[in-house]
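Please read the structure below before turning to the comments.
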Amino acid sequence: MATIRYNAPDYYQVDELLTDEHKLIRGSVRDWVNRAVMPEIDDYNHRHEFPVHVVKELGELGAFGPYIPEKYGGAGLDQISYGLIMQELERGDSSIRSLASVQSSLVMYPIYKFGTEAQRMKYLPKLATGEMIGAFGLTEPNHGSDPGGMLSRITDAGDHYILNGAKMWITNSPICHVAVVWAKDDAGVVRGLLVERGMEGFTTPETHKKWSLRSSSTGELVFDNVKVPKENLFPDIKGLKGPLTCLSSARYGIAWGVIGAAMDCYDTALQYSLERKQFGKPLAGFQLTQKKLAEIITEITKAQLLTWRLGVLRNEDRATPAQISMAKRNNVKMALDTARESRQILGAMGITGDFPMMRHMMNLESVITYEGTHDIHLLITGNDITGESAFT
Ligand code: TGC
Ligand code: FAD
């Protein structure tokens, strides 16, 4: 196996803002990514295949629900630890971070926050170890950016609900054991419920031919008169606030995660530019290469500071959804631009799977779309600063 020579960029000594525990956690995830992800992730992408074995290993690493209390199988860590874990995983591949994001923020978090004690005890410990995989169903074929228009319905049928509808573009759907599903009740109010694989009428067809997140398993959730026991409903959370609260947690993780992809691209391009010679000197010696690298490291540094501050606010439970939107939007665009610019520094070599840029670039096209598109997050900021909604 080739030696991995990763020098994580830290131009403003942001590491000094981290505790020893933060650095220890980051180091163990980084080692795992070097060992378990880096050597084979390009092949999995080429094969359009989900690396099943990472699930248990991520569970052992504590990457599922790291901020969920230990009582429920989580690690009880703070939000900055969560961010650093996402950053290391996405340096490996956005698919691996996606798996962990969905499991942590979109499945374990709502069960912890909105679930009954019985639901928590039943699902959280198994989700934490990876014995169970979860999915989150909000998006529908005709309602993506506007989830409030969803058509999925639960009908009260005495001791159970009948669920009908379909969710599309769902990470982990083909491999999930349980799905957190959002649907409207008889009164037209959005409710959340837990749907288990094996329930009659519940199917999870896979989505094929993706050019992005090819190592992530994506599919639909189809509900055809599915009988869901009443105890599977989240009892108290009503309205879009439920799913959007989960999205705030996942978007926060993405804001950190994508910096990892950008750091990987930057470090690769810097090393390459120092070694590759043209016109008798290293590419790094040309002003136009330096412009690219200098701009990239500036943007990475700004993103690192933005997320660190957001992490502090989140630890104090003070981060607003709009602040999280700003960081998600800024950092994903930064990472996508970084992948494109750093790919250019490698010339033709940059388009091969021997280097990570094209893979990150293709992955980031999904990341800039899911969890709220780039433009939706801009409108959230616009709404926040003006008080005027431009959505409708
Ligand atoms: P709006 O009226 O603004 O809000 C409804 C209620 O929700 C509250 N709220 C939030 N709460 C917590 N966190 C947030 N981020 C929140 N945003 C809004 C809000 O205060 C209100 O509460 P209340 O008590 O007054 O009822 O709702 P709207 O219908 O106008 O929609 C606003 C909009 C467009 C911003 C929202 O719908 C949106 O964010 N759309 C984008 C959809 C989206 O992000 N979908 C993601 C699907 S999941 C996914 O992509 C997973 S990918 C995972 C992976 O693989 O990593
Ligand atoms: P649309 O909402 O149709 O938007 C299309 C375009 O129109 C976008 O550019 C958008 O910005 C723009 N637009 C829409 N409304 C406005 C407006 N008011 N003003 C200006 N422009 C607007 N969803 C889940 O629920 N769970 C998952 O696990 C999940 N995983 C995903 C995994 C992948 C790989 C992908 C690609 C998507 C996933 N999604 C998931 C779905 C994702 O959240 C949606 O794709 C996203 O919210 C956008 O919805 P849409 O694709 O329907 O686009």
Side-chain angles (χ1 to χ4, degrees), residues 50 86 89-90 93-107 109-110 113-114 133-150 152 166-176 179-183 189-190 192 204 206-221 237-255 257-258 314 319-329 332 362-384 387 389-392:
F50 172 71
M86 296 296 119
L89 295 182
E90 196 142 5
D93 195 275
S94 302
S95 302
I96 310 291
R97 197 270 307 137
S98 263
L99 166 70
S101 283
V102 170
Q103 186 90 341
S104 302
S105 285
L106 298 183
V107 180
Y109 179 66
K113 195 160 173 67
F114 305 132
I133 300 177
F136 176 89
L138 181 64
T139 306
E140 298 190 350
N142 293 320
H143 295 281
S145 297
D146 64 338
M150 70 175 68
S152 293
K167 302 289 177 179
M168 197 177 180
W169 297 114
I170 307 302
T171 300
N172 298 347
S173 125
I175 53 171
C176 76
V180 170
V181 177
W182 302 93
V189 176
V190 174
T204 59
E206 185 161 4
T207 303
H208 299 284
K209 295 190 179 178
K210 289 178 298 169
W211 280 112
S212 176
L213 287 183
R214 289 169 61 83
S215 296
S216 174
S217 179
T218 313
E220 298 165 48
L221 303 172
I237 187 72
K238 292 181 182 168
L240 263 191
K241 198 181 178 72
L244 289 173
T245 300
C246 310
L247 293 183
S248 278
S249 178
R251 290 166 178 173
Y252 166 78
I254 290 171
V258 293
R314 233 175 125 70
T320 67
Q323 286 172 331
I324 295 169
S325 281
M326 180 185 282
K328 192 269 184 185
R329 179 175 188 272
V332 179
M362 292 195 299
N363 285 341
L364 290 163
E365 288 292 341
S366 284
V367 183
I368 205 166
T369 298
Y370 67 34
E371 298 274 4
T373 67
H374 193 61
D375 286 343
I376 289 295
H377 287 295
L378 176 127
L379 297 178
I380 290 172
T381 306
N383 189 359
D384 193 50
S389 171
F391 291 113
T392 48

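Because the structure is predicted, anything quoted here is derived from the model rather than measured. All ligand and atom numbering here is 1-based and tracks the order in the structure.
- For atom 3 (O) of ligand 1, no protein heavy-atom neighbour is present inside the 4.0 Å cut-off.
- Within 6.0 Å of the NZ atom in K210, the count of heavy atoms belonging to other residues, nucleotides or ligands exceeds 12.
- Remark: E371 CD to S325 OG distance equals 10.5 Å, nearest 0.5 Å.
- Less than 4.0 angstrom separates some heavy atom of F391 from each of these atoms of ligand 2: 18 (N).
- In terms of protein heavy atoms, atom 45 (N) of ligand 1 is closest to L247 CD1, 3.8 Å.
- Closest to atom 11 (O) of ligand 2 among all protein heavy atoms lies T373 OG1, 2.6 Å.
- Numbered from 1 in the order shown, with element, the atoms of ligand 1 that lie under 4.0 Å from a heavy atom of I380 read 35 (C).
- Here's the thing with W169: one of its N/O atoms is less than 3.5 angstrom from an N/O atom of ligand 2.
- Of all atoms in ligand 2, listed by their number and element, those nearer than 4.0 Å to a heavy atom of E371 are 43 (O).
- The protein heavy-atom contact nearest to atom 31 (O) of ligand 1 is L240 CD1, 4.4 Å.
- Interface atoms of ligand 1 facing T139, defined by a heavy-atom separation under 4.0 Å, are 47 (C).
- For atom 26 (O) of ligand 1, the nearest protein heavy atom lies 4.0 Å or farther away.
- The closest side-chain donor-acceptor pair between D375 and T373, if any, does not fall under 3.5 angstrom.
- Put simply, the side chain of S366 never gets that close to the backbone of M362: no donor and acceptor are under 3.5 Å apart.
- Listed by number with element, the atoms of ligand 1 under 4.0 Å from a non-hydrogen atom of V102 are 53 (C), 54 (C), 55 (O).
- Distances below 4.0 Å separate heavy atoms of L106 from the following atoms of ligand 1: 51 (C).
- When distances from atom 41 (C) of ligand 1 to the protein are checked, a heavy atom turns up under 4.0 Å.
- Below 3.5 Å of separation, one finds an N or O of E371 facing an N or O of ligand 1.
- Distances from ligand 1 to the non-hydrogen atoms of A250 include no value under 4.0 Å.
- The nearest heavy-atom contact from the protein to atom 39 (O) of ligand 1 is R251 NH2, 2.9 Å.
- Which parts of ligand 2 touch L138 is read off a 4.0 Å heavy-atom cut-off, strictly below it: atoms 25 (O).
- Taking each of G148, S98, S105 in turn, the one with a heavy atom nearest to atom 56 (O) of ligand 1 proves to be S98.
- For atom 21 (N) of ligand 2, the closest non-hydrogen atom on the protein side is D375 CB, 4.5 Å.
- The option from F136, W182, Y370 that lies nearest to atom 33 (C) of ligand 2, judged by heavy atoms, is Y370.
- Taking every non-hydrogen atom of G144 and a distance limit under 4.0 Å, the qualifying atoms of ligand 1 come out as 42 (C).
- Among protein heavy atoms, atom 52 (O) of ligand 2 sits closest to G144 CA, 3.3 Å.
- The protein heavy atom nearest to atom 32 (C) of ligand 1 is F391 CE1, 4.4 Å.
- For ligand 2, one of its N or O atoms has an N or O atom of T171 under 3.5 Å away.
- Protein heavy atoms are absent from the space less than 4.0 angstrom from atom 23 (P) of ligand 1.
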Walk me through it: do L213 and Y370 pass the test side-chain contact (heavy atoms from CB on, under 4.5 Å)? CA-CA 11 Å; L213 287 183; Y370 67 34; 3.5 Å; yes

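- Heavy-atom proximity to S248, at under 4.0 Å, picks out these atoms of ligand 1: 13 (N), 14 (C), 15 (N).
- Distances from atom 14 (C) of ligand 2 to the heavy atoms of G137, S95, S145 put S145 nearest.
- Side chains of K113 and T245: no donor on one and acceptor on the other come within 3.5 Å.
- Among protein heavy atoms, atom 16 (C) of ligand 1 sits closest to L244 CB, 3.5 Å.
- Proximity to R97 (heavy-atom distance under 4.0 Å) selects the following atoms of ligand 1: 56 (O).
- Among all protein heavy atoms, the one lying closest to atom 36 (C) of ligand 2 is S366 OG, 3.9 Å.
- Which parts of ligand 1 touch T171 is read off a 4.0 Å heavy-atom cut-off, strictly below it: atoms 54 (C), 55 (O).
- A donor-acceptor contact shorter than 3.5 Å is absent between the side chain of E220 and the backbone of A166.
- Closest heavy-atom approach to atom 24 (C) of ligand 2 among the candidates I376, D146, T139: T139.
- Taking a cut-off of under 4.0 Å to the non-hydrogen atoms of L213, the atoms of ligand 2 that pass are 34 (C).
- Nearest protein neighbour of atom 17 (C) of ligand 2, counting heavy atoms only, is L379 CD1, 4.0 Å.
- Side chain of H143 to main chain of G149: a donor-acceptor pair is present (N/O by atom type, distance under 3.5 Å, no hydrogens or angles).
- Shortest contact from atom 6 (C) of ligand 1 to any protein heavy atom: K241 N, 3.9 Å.
- No side-chain donor-acceptor contact under 3.5 Å links K328 to the backbone of A255.
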